[in-house]
Amino acid sequence: MIYQGKQKIWADYQKEIPDNHWFYVRSCIRQNFFPGSEKMFLEICRNVLKKDFFETEYHTTCGGIAYHCDTIPQETVMTIVARQFALMTEAGYENYVASCITSFGNYAEIIETWREFPEVETRIRELLWKACRREFKIPKNLAHASDLIYKYRNEIAARAKYRLVNRYTGEPLKVVEHIGCHYAKMFPSKGVGGAEYPYVLCGMIESWGGNVIDYPERRHCCGYGFRQYHVKANRGYSLSNTYKKFESMEPYHPDFILTNCPGCPYFMDRWQYVIAETEGKTYGGNGYGIPVLTYEELASLVLGYDPWDIGMQLHQVAVEPLLDKIGIAYDPKEKYKGLNEKDLMRPELPGVLRCC
Amino acid sequence: MDFGFKLSPSSAINLDKVDLSRFEKLHGIEPDIIKCMACGSCTSSCPANRFSGMSLRKVILDLQRGREKEALGMLRNCMLCGKCTMVCPRGINTRHLILSICRIYGEDGK
Amino acid sequence: MGKLYDELLKDYRVKEGLKTCINCGTCTAICPAAEFYRYDPRKVMDIVQSRDEEEIEKLLKSDFIWYCGECMSCVTRCPRKNGPGLVIMALRNLSARLGYFVCSEKGRQLYPLTRILTGNILNYGYCVYPDTFKWEDHKESGPVWKWHTEHIRDTMARVGANFKGEGPGVLRKIPQESLDELKRIFDVTGGTERIETVEKFSRAKAEEMGMDMDEYFRETFEHTSGSHLNNDD
Amino acid sequence: MKENIVIIGGGIAGLEAAAQLLSLGYKPIIIEKSDHLGGHVAEWNCLFPDMTPARDIVSSLAARSADANIFLNTEISFVNKLKDSYNIMLSNGISIITKIILVTTGFSVFDAAKKEEYGYGVYDQVITNRDLEHWFNTGEDKRVNDCGMNAVGFVHCVGSRDEKARNPQCSKVCCITAVKQAIELKQKFPDAMVYCFYMDLRMFGKKYEDFYISAQRDYGVRFIRGRVSEVSENIDGRVIVKAEDTLSGKPVKVTLDLLVLMAGMVCSPDSTRVANMARLPVDSDGFLKSEDNVADIISSPKEGVFYAGACTGPKTVPETLAEARAAALKVHLYIKGLE
Amino acid sequence: MRERFLTGYNDFVLPFVCGMIFVLAYCIIGMTRIILQLPAQDRKRFFISLVTPKTFFKNVKDIFLKCLIHVDLWKRNKLLGYMHSSIAFGWFMLILVGHIEVFLYTSNLGAKALYYPIFFRYFVAETESTMKGSLIFFLMDFFLLVVLSGIALAIIKRVRSRLFGMRRTTNPSFLDLVGLYSLWAIFPLRLLAESFTADISGGSFLTKSLNYVFTEFLSNHANMLPAWWAYSCALGIFFFVLPFSRYMHIPTEILLIPLRNAGIRIVNARKGLAKAQVYSCPSCGLCIDACPMVVLKGNIRDTTVYLNRQIRRNNEARIEEISDKCLLCGKCTAVCPVGVEGDKLRIAQRSVRKYSYSPDYSNISAEKEAMMCNKFVTAPNNEVSSADNEKVLYFAGCMTALTPVIRKTTESVLEKAGVEYEIMDKDGGLCCGRPLLMAGRQDQARQLVEKNTEIIMASGADTLLLSCPICYRIFRENYTLPGIEVIHHTEYFERLVLSGRLRMRRDNTKYVYHDPCELGRGCGVYEQPRNVIASAGVLVEAARNRKESICCGGSLGSLTLGFDKRKAMTENAISNLMAGSPDRIVTACPLCMSTFSRYSDRPVEDIAQVVDRTSEAGKL
């Protein structure tokens, strides 16, 4: 692997990301499975970095999952998106940041379609007016939330309490990054670093002290596949794709996986559990899995937040071995406690996958 | 634990792992087999194509990819009529090739 | 109704996604579905490109168009700037519109999908929502999810979510007026009509298969024959 | 015979045209940007279909055109159109007034690093056709492992027939070059598996098909119809190639010790620069535009400006030489017309 | 005649007697084994045929004409015929007359009967009564001269075979050579021995006169014993090598003729009839010249004579190579003087091959196929023009699919003649099974025969018309289609012309007709196509035609001949057709047509094209 070769490509894909004043929209999947992540994103941006991020309670799903499950027509999803843009316009923002990769891809695709076929935009404006009496401007800048953490990575590094270094060996942690397919595969120029060697997560890992691992199936989809997961009968597809990725990364013994898509960490986390239960195979050493982190979680961890405050307990794969490696202090007894030490009992332990 | 689904087998051909020993044996008898340029003339003229999907082009390809079962399945209705030999632009003696395949490859494995 | 190909061509995704295909196979090579299903996106493109009405109709009624995971990996690599994934979406859209989806096993799954996803959107404003994401239907979500949903108000509160709360925040309650707007958007953009179409054809199919709608839902949601996978006969 | 003839580019087209003009009694001026004559051919090892050493072609051309005025390491600073002639200013300060310009600026090899998914410049074991020729010539390339060569792949159409690479044209010679290089590698590493990943094999030239048959029959080169979609590196540093075996409709994957990218021909930036300076039009394929693409490919739409070789599109060596000869005759007749 | 020795014995007879006993024992055992190897049914049939007067007389006649007179060779070349019959018939007569002589003049024969007829002249002396036998003396010398003339010719033939109409002869094996030289030696030595004793035992114009010459310088009678020893040894050696040389054909042919006359076919590749044929091969090498593959010198050793030799040696690799290469044109069978069926023998060798995968056609629905061509069943009666009009089912065949002009013109001719017809293989149909049969895959071929039979029987037709001789042959030989006439289009066209349903316009175009192997040698159809062509233009003949027609080289029979190798054969076949400088080449086989078209410098047509071009509708 020739690192300079990658640097050259990264230099070609630098996208303009304004520093401040963003209209923030949430992700359905992230809110369900990693609720702490979104909270931490705003926490870090607003309170740590003192940036202006606006969120309105009136925004909804973008409809992307329903659209990619082919349950709603293109016009419907476009109008829902137009409504989101209208909310941004009404709030006086022109920079639009999405927490979800599906949404991000959805917005990018729709804006691109409108650009190429202006008659579609006109029609959607009419439909939105008819349905909601709203009008919108197309955002001047569209970003994914990971773009912003990437943008702020050095500021975060400057305030970091921990570095991604194995405290036992002194070596940088080996980190595998996984980019959501809809981040740059459709429009390589819309992603930091392009589609083939995206830099958005690599940049974070590098500036926080870790070492990025490239493995053969790095670019492969996690296997979500929308309808291939939401319908129970199809989940073998989803499982098989994740399995393929893990088989490919296994020889590299990564310390953890970093993702920027809300779905991928859920799938890569839970499919490890299913592979362990059905195939008896674990990838993380000592019967553990490989922890799969969102970039918000990682940023929060290096900034020194309590792992249980940011929702690390909602992962099926235990994160404790990773926390130990980095040297992050945590209280095992607090892991499954509610607010004010409320006893919530604890999840059952899986049969094969080792958990804490 | 039963989740209601399981891993699916992969159909990808992994050329690193294909066992070509039988193909090499065949190639020893039929050196022309690798002259095939997959033009499909054989398939288009084949009367067995209607019945067992016979396509000599695919048979040759499948054998090289280690997909022996598929290849033999197609051969099932070959009537050895010789039209493929007549139309092959590379002059491959397809009839003898088919007979050699039938000698070397069998349902029984070896 | 016009010819199928003309109908497809009206879809902007086909306009963007199918210029001319040279059958190079780049899409299939990296397609996650091509490896695990009997599926070859290149062939789908070729059939659409052929403008053969009969073939296109067969395609719309087949399982093939439902194998794609819409990851759009194919879009990145196509040397002719095509988007097989986009064409698939257009095909699925047409298949749903014409009711052809009930002809194939994978197509029939559109019914549970529609019920779950549009239900979530219209009822909660989210595509995925804990109240409808049951551990029983998602055993792979693990004991953690089971625990999480059992104590959801507490676990959500612990990580600072605003679960079912007023105002902004994680999994807040989306105000009724926003949900009403969504409903109106569905009404004027054909979303509602699509739900009804899927309902109608599925109902007819369920009747043909001798099931009530709940059985039909379970059947299509949970069961699949082996014929979709590669290595069995 | 005092008419100045300026030949821009000292590749084989320029040299052949100069040699012909010399034999017609003219004294042409060759302007060459680099420090050697012969252009791309000088960097090649052997030429299909008879495996003629490229060096022989170039040295014989150089010998035959040695009497021309040759400026090496010289670029053109600007071109001024005068009333019925051109004023050419060279980077070495010399200025030439001429009525005749023969553009033989040739092509550039497509920068394979632009096909990011193939990882040229990122993965250690990925090289281009030009790198391989360099290795044939010098034996120096640490990427070619003399002892551990088990599997080698060739990817056709890299940067050709590719709208994403902004070159939808076929580069014409890569198919046969890949076949040639595959045979050469098989000769050096008889036990290695050699795969060619192609979209279409365009064996249009004299004896090309024989070459292809020989590669199949005599060397056992495996041809797989499918464009390579993705290349990645495994933990041993070998490259994994993914394509579709379109003839069986299945994804195919193979691990290789060396991957050779058949980088195509694109119009050289020098051609474009000259075209800008002399106000020559550029055709929709990015190459220089001829008066007529069928009947008169060597005339430019501009009075006194002629083309030869790959500046008007991808060409083989014999085609280029033939065009150079035709251009020399055209120049000769043009000068006769002026008198 | 008086016996010279009381014992009537001398040691020199031993070599002969041992050889004789050995060869007789060998032949009896061999013959018994062959007969036992026949399938029970065939064996029964064979024995019955032996006692049936008709076949009995035929056997006798055939043995006499073929084994002794070699009538086939006479037909081919007089000199060759004379050479063979002089030796065979002459020798036979020597033996016959010798026996008569012995029985006439000796009593108390006993064990002497074994060798007396051969060495009679040594053991007897001339007496008063001798001159009564002067006729016998004369006959013996006469036949000895006949044989000697044959031997002389044989020696010449070894050097100049062309005089005998043979371009190439077989390369003899070592034992063949031993046999050959001992055979050549037998009769001169007999002459020598008898001449030495002629003054004692008497003789005629040959022996007696030679005796006079000898006595001039060799008066001592002691000299005669070595000559008799040498004679006996030559015979002994000949008999000992006989079973292992080509001369085994002499006794075997006597068995082969009745086997053939009993109508027995080759069942087992190496046993029974096949074995009889193999051992009957005299290695004369006529099949070498006949073989179309021999244009390429490298193929000489792949001719039938060498196949027979390799089968006798059990050289499996070569047997496979030879039997797979053959075009199965059947010409060697046609020219073979003893009736070795080179083509069938090879098919039999192919059929014993082991395959680990075998196609089967049980998934093909004959019913469904029949639906596509059952017009005669489904059409209401009034649509069929007249009740007595035949209902023709036209099976174009696989090969015709590659030469659609044949099908098109055949249809056009049928329409002109107002024939009610239906095409059986519009959609490709099934193969007739002949190519599988030729490849030795009999079980598979049988399956196809069954499927096709079912389809044809369900079609409601009463005539099956074929335009491909390959199909035609298997339909004639292996199909049972009760109530349905199987006919080739050449025959059908002749019928249409003769019946006036087609009117031909004759012009001056010169046509040469190529007899396709399967139609001519295979099915015996020679005259019908010629009659049809003669009514369309001027018919000229090829240098070799009819039974001796040369295969086009495209045959499906060969499994291994490559495309490039066949070219020379095709060119040779074309040059054979050029003898009469024809304007057009006409054939009646799609495979011949496409093969010839590849290399011919003048138009090649199927007979259907000729008929279509030159005919118009006649009276109905």
Side-chain angles (χ1 to χ4, degrees), chain B residues 8-44 46 49 53-75 88-94 97, chain D residues 150-154 175 179 182-183 186 191-203 208-226 228-230 232 234-236 238-257 259:
Chain B
S8 315
S10 162
S11 71
I13 299 161
N14 188 341
L15 291 177
D16 303 339
K17 291 183 184 152
V18 173
D19 172 18
L20 286 178
S21 53
R22 277 204 268 183
F23 182 78
E24 287 307 328
K25 199 171 151 197
L26 179 66
H27 178 216
I29 303 171
E30 305 285 344
D32 277 356
I33 187 172
I34 55 176
K35 267 169 72 186
C36 172
M37 55 175 177
C39 68
S41 304
C42 46
T43 313
S44 60
C46 181
N49 181 273
M54 169 64 174
S55 159
L56 188 61
R57 166 183 83 69
K58 279 195 203 160
V59 169
I60 292 175
L61 196 75
D62 279 348
L63 293 180
Q64 291 187 63
R65 306 284 186 264
R67 292 157 49 82
E68 295 171 6
K69 208 175 82 189
E70 289 83 350
L72 291 184
M74 283 187 274
L75 274 178
C88 178
R90 280 284 175 92
I92 301 173
N93 185 347
T94 52
L97 173 64
Chain D
N150 295 318
V152 182
F154 286 85
C175 285
V179 170
I183 288 178
K186 255 303 206 193
D191 297 330
M193 288 293 249
V194 175
Y195 301 96
C196 281
F197 294 91
Y198 68 95
M199 286 201 273
D200 293 292
L201 282 174
R202 301 189 168 182
M203 295 289 142
Y208 288 11
E209 185 74 7
D210 294 351
F211 226 66
Y212 168 39
I213 294 179
S214 165
Q216 287 180 296
R217 185 193 51 210
D218 304 333
Y219 294 95
V221 175
R222 300 285 165 97
F223 289 85
I224 296 177
R225 194 200 172 279
V228 168
S229 183
E230 181 176 299
S232 46
N234 75 3
I235 197 159
D236 310 323
R238 302 174 80 204
V239 284
I240 299 174
V241 166
K242 283 192 203 171
E244 183 197 355
D245 182 9
T246 58
L247 298 174
S248 63
K250 297 271 178 259
V252 64
K253 183 168 106 168
V254 64
T255 312
L256 303 170
D257 297 299
L259 185 68

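Proteins come first, then strands; the chains are lettered A, B, ... in the order of their sequence lines, and each starts at number 1.
- The CG atom of D/L247 lies 5.0 Å from the CZ atom of B/R57; values are rounded to the nearest 0.5 Å.
- Contact of B/K35 with chain D is made through backbone and side chain together, with heavy-atom distances under 4.5 Å.
- The distance from atom CD1 of B/I33 to atom CD of D/Q216, rounded to the nearest 0.5 Å, is 11.5 Å.
- Using a 4.5 Å cut-off between heavy atoms, B/I60 makes no contact with chain D at all.
- With a threshold of 4.5 angstrom between heavy atoms, D/R225 does not approach chain B through any atom at all.
- Taken from CE in D/M203 to CE in B/M37, the straight-line distance is 11.0 Å, to the nearest 0.5 Å.
- The neighbour count for B/K58 NZ, taken as heavy atoms of other residues, nucleotides or ligands under 6.0 Å away, does not exceed 12.
- Contact of the D/M193 side chain with the B/L20 side chain is registered, since non-hydrogen atoms from C-beta on lie closer than 4.5 Å.
- The structure places CG of B/L15 at 8.0 Å from CG of D/D245, a figure rounded to the nearest 0.5 Å.
- Both the backbone and the side chain of B/I34 have a heavy atom closer than 4.5 Å to some heavy atom of chain D.
- With contacts defined as side-chain heavy-atom distances shorter than 4.5 Å, the pair B/R65/D/I224 qualifies.
- The stretch residues 249-256 of chain D places D/K250, D/P251, D/V252, D/K253, D/V254, D/T255 near chain B, each with some heavy atom under 4.5 Å from a heavy atom of that chain.
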